[in-house]
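Down below is the structure, laid out as structure tokens.
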Amino acid sequence: MTARIAVLFIVVSALVAGIGLYYFQVYAFYEDVAEGDVQLTSVASGVPEPILFDGYEGIDADSSPLRYRDCFTTGQSQAMLTETYVIYERAEPRVAPGWFECFDADAIGAALEGGEAIAFLGIENVTYGIDRVVAVYPDGRGYSWHQINACGEVVFDGNPVPEDCPPIPQDGLGSAPEGGADG
């Protein structure tokens, strides 16, 4: 009888822990971003500039800089955007929680691979080693997410900062470098 109680206790504990882990991973830390700020990095100045947008929905979490996602529409054409803003070559949309329905990473990734959507550098090093990437479709639908950049890949693996990367901020990896923005 004692063994059955112990087994039941272990099974119930594992179930409760699993449900708790799922909840914390998918729901607990996310917050709505009430007022979004969609920016793209200018080819001319190398500085992020706000673009016109509408219908903004966004989420973010303090628990990881990679949890940022947003959806919006813009009236600016892809042709104008490609002439004005820096194109991001290695865009890989990150999967959003299922309840954030406007963001479909698989569809965005397929559109980027197929050339339908174009990815732009939103803000480089929004947090050290993390870029904000913005994808825009021909009909004006836009999506943003945070992605580890080449410097972040090296530094987060515990290796020294490469010469072509900015130095790590004095207050650690949690802040944008001098001149960066925390949008």
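Hydrogens, waters and symmetry mates play no part in the numbers below; they use all other heavy atoms, side chains included.
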Discussion item. Please evaluate residues Asp131 and Leu121 with respect to the criterion side chain to side chain contact (heavy atoms under 4.5 Å, CB included), reporting the C-alpha separation (whole Å), side-chain torsions for both, the decisive distance (0.1 Å), and the verdict.
Written reply: CA-CA 7 Å; Asp131 293 338; Leu121 174 60; 4.1 Å; yes

Discussion item. For Thr82 and Phe120: C-alpha separation, side-chain torsions, deciding distance, then whether side chain to side chain contact (heavy atoms under 4.5 Å, CB included) applies.
Written reply: CA-CA 8 Å; Thr82 57; Phe120 298 92; 3.9 Å; yes

Worksheet item: Within 45 degrees of the axis of the six-membered ring of Phe100 and under 6.0 Å from its centre: does Arg69 put its NZ or CZ there?
Response: no

Worksheet item: Measuring from Glu89:CD to Leu112:CG, what's the distance to the nearest 0.5 Å?
Response: 11.0 Å

Discussion item. Quiz question: by atom type and distance under 3.5 Å, do the side chains of Asp37 and Gln39 form a donor-acceptor pair?
Written reply: yes

Item to complete: For residues His146 and Val133, determine if any side-chain heavy atom of one lies less than 4.5 Å from a side-chain heavy atom of the other.
Response: no

Fill in: Transitive ILVMFWY side-chain link Val47 to Val38, under 4.5 Å
no

Discussion item. If we ignore hydrogens and angles and just use 3.5 Å, is the side chain of Thr127 paired with the main-chain N or O of Ile130 as donor and acceptor?
Written reply: no

Worksheet item: Should Arg90 and Glu153 count as an ion pair when the cut-off is N to O under 4.0 Å?
Response: yes

Worksheet item: To the nearest 0.5 Å, what is the distance between CG (Asn125) and CG (Asn149)?
Response: 5.0 Å

Item to complete: Report yes or no: do Trp99 and Ile108 belong to one cluster of Ile/Leu/Val/Met/Phe/Trp/Tyr joined by side chain heavy-atom distances under 4.5 Å?
Response: yes

Worksheet item: Side-chain contact, heavy-atom cut-off 4.5 Å: Arg94 with Leu66?
Response: yes

Discussion item. Using only atom types and a distance under 3.5 Å, with no angle test, would you say the side chain of Gln78 pairs donor to acceptor with the backbone of Gly140?
Written reply: no

Worksheet item: Would Trp145 and Arg132 count as a side chain to side chain contact (heavy atoms under 4.5 Å, CB included) if you check the C-alpha gap in whole Å, the side-chain angles of each, and the deciding distance to 0.1 Å?
Response: CA-CA 6 Å; Trp145 64 92; Arg132 180 166 298 163; over 6 Å; no

Discussion item. Do Ile148 and Val126 land in one hydrophobic cluster if side-chain heavy atoms of ILVMFWY residues count as linked below 4.5 Å?
Written reply: yes

Discussion item. If I take atom OG1 from residue Thr84 and atom CD from residue Gln76, how far apart are they, to the nearest 0.5 angstrom?
Written reply: 8.0 Å

Discussion item. Is there a continuous path of hydrophobic side-chain contacts, each under 4.5 Å between heavy atoms, that joins Val95 to Tyr30?
Written reply: no

Worksheet item: Is there side-chain contact between Ile118 and Tyr85, with heavy atoms separated by less than 4.5 Å?
Response: no

Fill in: Side chain Tyr128, main chain Pro166, donor-acceptor under 3.5 Å
yes

Worksheet item: Would you say the side chain of Leu8 lies within less than 4.5 Å of the side chain of Arg4, judging by non-hydrogen atoms?
Response: no

Discussion item. Please give me the minimum heavy-atom distance between Gly98 and Glu101, naming the atom from each residue.
Written reply: O-CG, 3.8 Å

Worksheet entry | Side-chain heavy atoms of Val136 within contact of Thr74, under 4.5 Å | yes

Discussion item. Between Pro93 and Tyr143, is there a side-chain heavy-atom distance shorter than 4.5 Å?
Written reply: no

Please list every donor-acceptor pair under 3.5 Å in which a side-chain atom of residues 52-63 meets a protein atom from a residue at least two apart or in another chain.
unit_1 : atom_1 : unit_2 : atom_2 : d
Tyr56  : OH     : Tyr68  : OH     : 3.2
Tyr56  : OH     : Asp70  : OD2    : 3.3

Worksheet item: How about Leu81 and Leu40: do any of their side-chain heavy atoms sit closer than 4.5 Å?
Response: yes

Worksheet entry | Side-chain donor/acceptor of Glu92 to backbone N/O of Gly109, under 3.5 Å | no

Item to complete: Would you indicate whether the side-chain heavy atoms of Pro48 and Thr41 approach each other to under 4.5 Å?
Response: yes

Fill in: Set of salt bridge (charged side-chain N to carboxylate O under 4.0 Å, His left out) partners for Asp32, sequence neighbours left out
none

Item to complete: Kindly give the heavy-atom pair with the smallest separation between Val161 and Cys165, and that separation in Å.
Response: CG1-CB, 3.8 Å

Fill in: For Asp139, all residues meeting side chain to side chain contact (heavy atoms under 4.5 Å, CB included), sequence neighbours excluded
Tyr137, Arg141

Item to complete: To the nearest 0.5 angstrom, please state how far the CD1 atom of Ile51 sits from the OG atom of Ser42.
Response: 12.5 Å

